[in-house]
Asker: 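Below: one structure in structure tokens.
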2 protein chains.
Amino acid sequence: MSEENPEFLIDKASDADTDGAERRVFEEFLRQRGLKFTQARRLLLDKVFSMHDHFTAEQLLDRLRTDGIGASKATVYRTLSVLLECDLLTAHDFGEGALYYEHTFGHDHHDHLFCLHCKTITEFRDDAIEEHQDRVTGHLGFRTLTHSLKIYGVCKGCSDEEPGLVERYAASPGIVRHRS
Amino acid sequence: MSEENPEFLIDKASDADTDGAERRVFEEFLRQRGLKFTQARRLLLDKVFSMHDHFTAEQLLDRLRTDGIGASKATVYRTLSVLLECDLLTAHDFGEGALYYEHTFGHDHHDHLFCLHCKTITEFRDDAIEEHQDRVTGHLGFRTLTHSLKIYGVCKGCSDEEPGLVERYAASPGIVRHRS
DNA sequence: GTGTCTGCAAAACCTTTGCATGATC
DNA sequence: GATCATGCAAAGGTTTTGCAGACAC
């Protein structure tokens, strides 16, 4: 492993080709529940799986419209909700007002770095952290269903470009919003 | 340390007596900014520091009214905002719609377990987890300002009382809401 | 043809804000 | 007395919902 690509960094490009498996999962899920595989749902599924970054409902709607697909806001939210239920999608709240979604098919759990300046989201995974979490919950008899670790700060790119940025954010709690 | 009280559990009772220090901090902060120490702010500060659990703005408002203190919703939100800015308060988003607040005076950083069934919030701290986080961000040149680790699941009390609860939640992604 | 889905607009929800009145320094 | 704070109601944002017409099975 090179220094530029440490073992805990997640390679986003590797999920580029899912071989259409998400579609089979989706169709099967719909069938089981007596729901219908409509054109809107097919178009939305395709769009969601063509985006390999995190996106909000509004951004998804915009990109659909750019493609000339006239889906309504209600349908976007309702379809995202179905995709969440069948585990093809995950939502993350970074305290920015809207939820960020990412498709998750065959992806392992991972955690996030959120740059408060450029809003870039970086994914990472660290087994040691996971193990320590399990140790804590095990001690307490707490049965974990899901968990989230989010680290907020300033990414290397931003702090290289603008030295003093970190100090500026640290002095402006209003920007960090004290959400933790 | 007894088994009932592992070293990573945070003893909430220990912050019961702050000796009024939070009031001095608050007054000093207000003075520095040319803000006023009004009756509403004093009453809210007292109430916030008399509550040793996590609470929402709505719950705070209710408890104030129970005490016969008629603060408006706007004032509650505005005062919470000031308390956040002077680091006497922290807000947490557990995906329940509203933010949960907790007063933090002389408290070290800690993480949270959230029981999806009884909504109980348990605090813990684990230095090893923090160290691993620092290692990851260090590798990436990411400058951390704050972070949050939240573990969602079913607490020991709930799963003892209702066996099968965990499985029920695991099968109902809609309840977990897929927020992570 | 039955049952589900879509789009629109309106509502829900928490939170913030504008403005006139009232309190603090 | 100047300035900031309060309360009310209205607006802000994202997300959800009711309903009539449209589509999938």
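Letters go in sequence order (proteins before strands), and every chain restarts at 1.
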Asker: Given atom CZ of B/Arg78 and atom P of D/dG12, what is their separation to the nearest angstrom?
Answerer: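 Atom-to-atom, B/Arg78 to D/dG12, this comes out as 17 Å.
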Asker: Round to the nearest Å and state the distance from A/Arg33 atom CZ to D/dC25 atom C1'.
Answerer: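 In whole Å, D/dC25 C1' lies 19 Å from A/Arg33 CZ.
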Asker: Would you sketch DNA chain C in dot-bracket for me? Only Watson-Crick or G-U wobble pairs with both distances under 3.5 Å count, crossing pairs as [ ], other-strand pairs as |, the rest as dots.
Answerer: ||||||||||||..|||||||||||
Asker: Whole-Å distance between C/dC14 C1' and B/Leu80 CG?
Answerer: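 Distance check: B/Leu80 CG to C/dC14 C1' gives 13 Å.
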Asker: Please figure out whether B/Thr38 or A/Thr75 has its closest DNA chain C nucleotide nearer the 5' end.
Answerer: A/Thr75
Asker: Considering residues, nucleotides and ligands other than B/Glu161, do more than 12 of their heavy atoms fall under 6.0 Å from its CD?
Answerer: no
Asker: Can you establish whether the number of heavy atoms outside A/Lys73 located under 6.0 Å from its atom NZ is more than 12?
Answerer: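 No, because the 6.0 Å sphere around NZ of A/Lys73 holds 12 heavy atoms or fewer from other groups.
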Asker: Within the distance-only criterion (no hydrogens, no angle test), does the side chain of B/Thr137 pair as donor or acceptor with the backbone N or O of B/Gln133 below 3.5 angstrom?
Answerer: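 Between the backbone of B/Gln133 and the side chain of B/Thr137 there is a qualifying donor-acceptor contact (under 3.5 Å).
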Asker: Ring centres under 6.0 Å, that's the criterion: do A/Tyr100 and A/His92 meet it?
Answerer: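 Not close enough - the centres of the two rings lie 6.0 Å or further apart.
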Asker: If you assign B/Ser72 and A/Gln39 each to the DNA chain D nucleotide with the nearest heavy atom, which residue ends up on the more 5' nucleotide?
Answerer: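 Looking at DNA chain D, the more 5' nearest nucleotide goes with B/Ser72.
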Asker: Assuming nearest nucleotide by heavy-atom distance, tell me which of B/Val76 and B/Lys36 is located more 5' along DNA chain D.
Answerer: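 Its nearest nucleotide being more 5', the pick is B/Lys36.
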Asker: Side-chain donor-acceptor pair under 3.5 Å between B/Tyr169 and B/His117, yes or no?
Answerer: yes
Asker: Side-chain heavy atoms nearer than 4.5 Å, only ILVMFWY residues, links allowed to pass through others: does that put B/Leu165 and A/Leu145 together?
Answerer: yes
Asker: Please determine, for the side chain of B/Ala74, which listed nucleotide (C/dC14, C/dC8, D/dG7) has the closest atom?
Answerer: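 So the nucleotide nearest the side chain must be D/dG7.
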Asker: Whole angstrom is fine here: how far is it from OH in A/Tyr100 over to P in D/dT15?
Answerer: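 Atom-to-atom, A/Tyr100 to D/dT15, this comes out as 11 Å.
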Asker: If you pin B/Ala57 and A/Lys73 to their nearest nucleotides in DNA chain C, which one's is more 5'?
Answerer: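 Going by which nucleotide is closer to the 5' end, it is A/Lys73.
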Asker: So what does A/Ala40 hit on the nucleic acid, given a heavy-atom distance under 4.0 Å: a base, only sugar-phosphate, or nothing?
Answerer: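 Counting heavy atoms under 4.0 Å across all strands, the contact made by A/Ala40 is with sugar-phosphate only.
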Asker: Please state how far atom CD in B/Gln59 lies from atom P in C/dT15, giving the value in whole angstrom units.
Answerer: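 Computing the B/Gln59:CD to C/dT15:P distance gives 11 Å.
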Asker: Please determine if a side-chain N or O atom of B/Tyr77 lies less than 4.0 Å away from the OP1 or OP2 oxygen of C/dT16.
Answerer: no
Asker: Using whole Å, report how far CD of A/Glu58 lies from C1' of D/dT16.
Answerer: 15 Å
Asker: Can you confirm whether A/Lys156 is buried at NZ, in the sense that more than 12 heavy atoms of other residues, nucleotides or ligands lie under 6.0 Å from that atom?
Answerer: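 Result for NZ/A/Lys156: open.
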Asker: So which nucleotide from D/dC8, C/dC8, C/dC5 ends up closest to the side chain of A/Leu35?
Answerer: C/dC5
Asker: Report yes if a side-chain nitrogen or oxygen of B/Arg41 is closer than 4.0 Å to either non-bridging phosphate oxygen (OP1 or OP2) of D/dA5; otherwise report no.
Answerer: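 Yes, within the criterion.
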Asker: I need the CD-C1' distance between B/Glu27 and C/dC25, as an integer number of Å.
Answerer: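 Roughly 13 Å, once rounded to whole Å.
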Asker: Between atom CG in B/Leu30 and atom P in D/dT6, what is the gap in whole Å?
Answerer: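 Computing the B/Leu30:CG to D/dT6:P distance gives 10 Å.
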